[in-house]
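The block underneath contains the structure these notes are about, expressed in structure tokens.
When a residue number appears, it is its place in the shown sequence, counting from 1. Ligands are counted one by one from 1 in listed order, and the atoms in each one are counted from 1 as well.
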Amino acid sequence: MTRKRIVSGMRPTGKLHLGNLHGALANWVDLQNSGEYDCFYFVADWHALTSDYGNTEQIREYALGMAMDWLSVGLDPGKSTLFIQSRIQEHAELFLLLSMITPLPWLERNPTYKEMKSELADRDLSTFGFLGYPVLQAADIIIYKAYGVPVGVDQLPHIELTREIARRFNFFYREIFPIPEPLLTNVPKLLGTDGRKMSKSYENSIYISDRADVLKGKVESMFTDPQRMRRRDPGRPELCNVFSFHGIYSSEADVQEISRECRQAGIGCTDCKRRLAARIGEAMMPVHDRLAYYQNHVNEVEEIMTEGTLRATGEARATMQEVREALKI
Ligand code: TRP
Ligand code: SF4
């Protein structure tokens, strides 16, 4: 039986944090381990260029670092195909061809485009590449004839565009591409230490690679229920980010106890955080062991990515053969 193909990518913009882990990566690992899917996961380094084209100094280092983070949290090259986008020129060729059939208004009305443009106002994003971001993403996905694309809700408009572009291609030329489904990730609401969205640029992130001491400091600095000013004030765990993290890292019984005790001011935030830091630290121990291993075996990581790239290239080439024939080009 052939397993259903799923494809997803991540931009290499620096070390991965717990928001990335629980927002996407953990789901990638689960999909991989379910055994039901043929998983293709790639480093979207060309996508990183769409906004960071002005500084490409660290992009290779980030790509390799990201691969190490992936391997450390359990992506397994024996089960998944792990690769680097920019090493497969066929993505660029399909991007070019799809750009011919993509109406500009589809791109201009993309909500993610407008949002990111205003969010990253310090950069000039009035570029062709940035507008065309979803076309490249569509190429990434359909070149592997993906059945599904695991993503967070923020990416839904992009997947919708991918579907429209694939339909349009099939309509003009030949039914080559399956229409991919978004596989929505159930994302727990984890915020950064300052209560804003966890993001590298806010300096509020807890990184996968943060060792116990750094981790402890960051957890101590986390915002809690803003109305719980003094130790004797009862707290509202449902409004506390520390509590959300307990939901992931602590046992059901502990979560219940903390919830109850917090409400009656039976536990103080300092203790609550100390417990959290310990739980995260335990969960990260095997991850850090693997990370240390890969940091000492960088060649092995390179080989893994090269091998995955080779496998993906075979698939991409086969599709492009069909595409060129369909276009009579
Ligand atoms: N746009 C995605 C993000 O920012 C990254 C990405 C690029 C991607 N190509 C993809 C995701 C293809 C899924 C499939 O997270
Ligand atoms: Fe948050 Fe824990 Fe403090 Fe309650 S006791 S407000 S859950 S940190």
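- Which parts of ligand 1 touch V149 is read off a 4.0 Å heavy-atom cut-off, strictly below it: atoms 13 (C), 14 (C).
- Ion pairing of D45 with R87 is absent here, as no side-chain N (NZ or NE/NH1/NH2) approaches a carboxylate O to less than 4.0 Å.
- The distance between the ring centers of Y249 and H22 falls below 6.0 angstrom.
- The closest side-chain donor-acceptor pair between Q227 and D233, if any, does not fall under 3.5 angstrom.
- No salt bridge links E36 with K4; every basic N to acidic carboxylate O contact stays at or beyond 4.0 Å.
- With respect to E322 and K145, a salt bridge is recorded, a charged nitrogen being found less than 4.0 Å from a carboxylate O.
- Of the candidates Q85, M10, M305, M305 is the only one forming a side-chain contact (heavy atoms from CB on, under 4.5 Å) with V43.
- Not counting sequence neighbours, Y62 has no partner by the ring-ring contact (aromatic ring centres under 6.0 Å, His included) test.
- Neither the backbone nor the side chain of Q85 comes within contact range of ligand 1; no heavy atom lies under 4.0 Å.
- Contacts of L136 with ligand 1, taken as heavy-atom pairs under 4.0 Å, are absent altogether.
- In summary, R263 and E238 engage in a salt bridge, as defined by a charged side-chain N under 4.0 Å from a carboxylate O.
- For ligand 1, the atoms sitting less than 4.0 Å from at least one non-hydrogen atom of R11 are 4 (O), numbered in the order shown with element in parentheses.
- Contacts with ligand 1 closer than 4.0 Å are made by side-chain heavy atoms of F42 only, the backbone lying farther away.
- Of all atoms in ligand 1, numbered sequentially from 1 with element shown, those under 4.0 Å from a heavy atom of S8 are 11 (C), 13 (C), 14 (C).
- Ligand 2 is surrounded by T224, D225, R228, C240, V242, F243, C262, C269, C272, each with at least one heavy atom closer than 4.0 Å.
- Closest to atom 3 (C) of ligand 1 among all protein heavy atoms lies Q155 NE2, 3.3 Å.
- Of all protein heavy atoms, the one lying nearest to atom 9 (N) of ligand 1 is D140 OD2, 2.8 Å.
- When atom types are taken as modelled, the side chain of N170 and the backbone of F177 share a donor-acceptor pair closer than 3.5 angstrom.
- Counting atoms of ligand 1 from 1 in the listed order, those under 4.0 Å from a heavy atom of I141 are 12 (C), 14 (C).
- Annotation: Y144 is in aromatic contact with F83 [ring centroid separation under 6.0 Å].
- Close contacts of ligand 1 with H47, meaning ligand atoms under 4.0 Å from a residue heavy atom, involve 7 (C), 9 (N).
- Which parts of ligand 1 touch Y133 is read off a 4.0 Å heavy-atom cut-off, strictly below it: atoms 1 (N), 2 (C), 3 (C), 4 (O), 5 (C).
- Panel note: side chain T50, backbone H47; a donor-acceptor pair is recorded below 3.5 Å.
- Between W28 and P150, some side-chain heavy-atom pair lies under the 4.5 Å cut-off.
- Protein heavy atom nearest atom 10 (C) of ligand 1, with residue, atom name and distance: Q137 CG, 3.5 Å.
- If you check which protein heavy atom lies closest to atom 5 (C) of ligand 1, you get G9 O, 3.5 Å.
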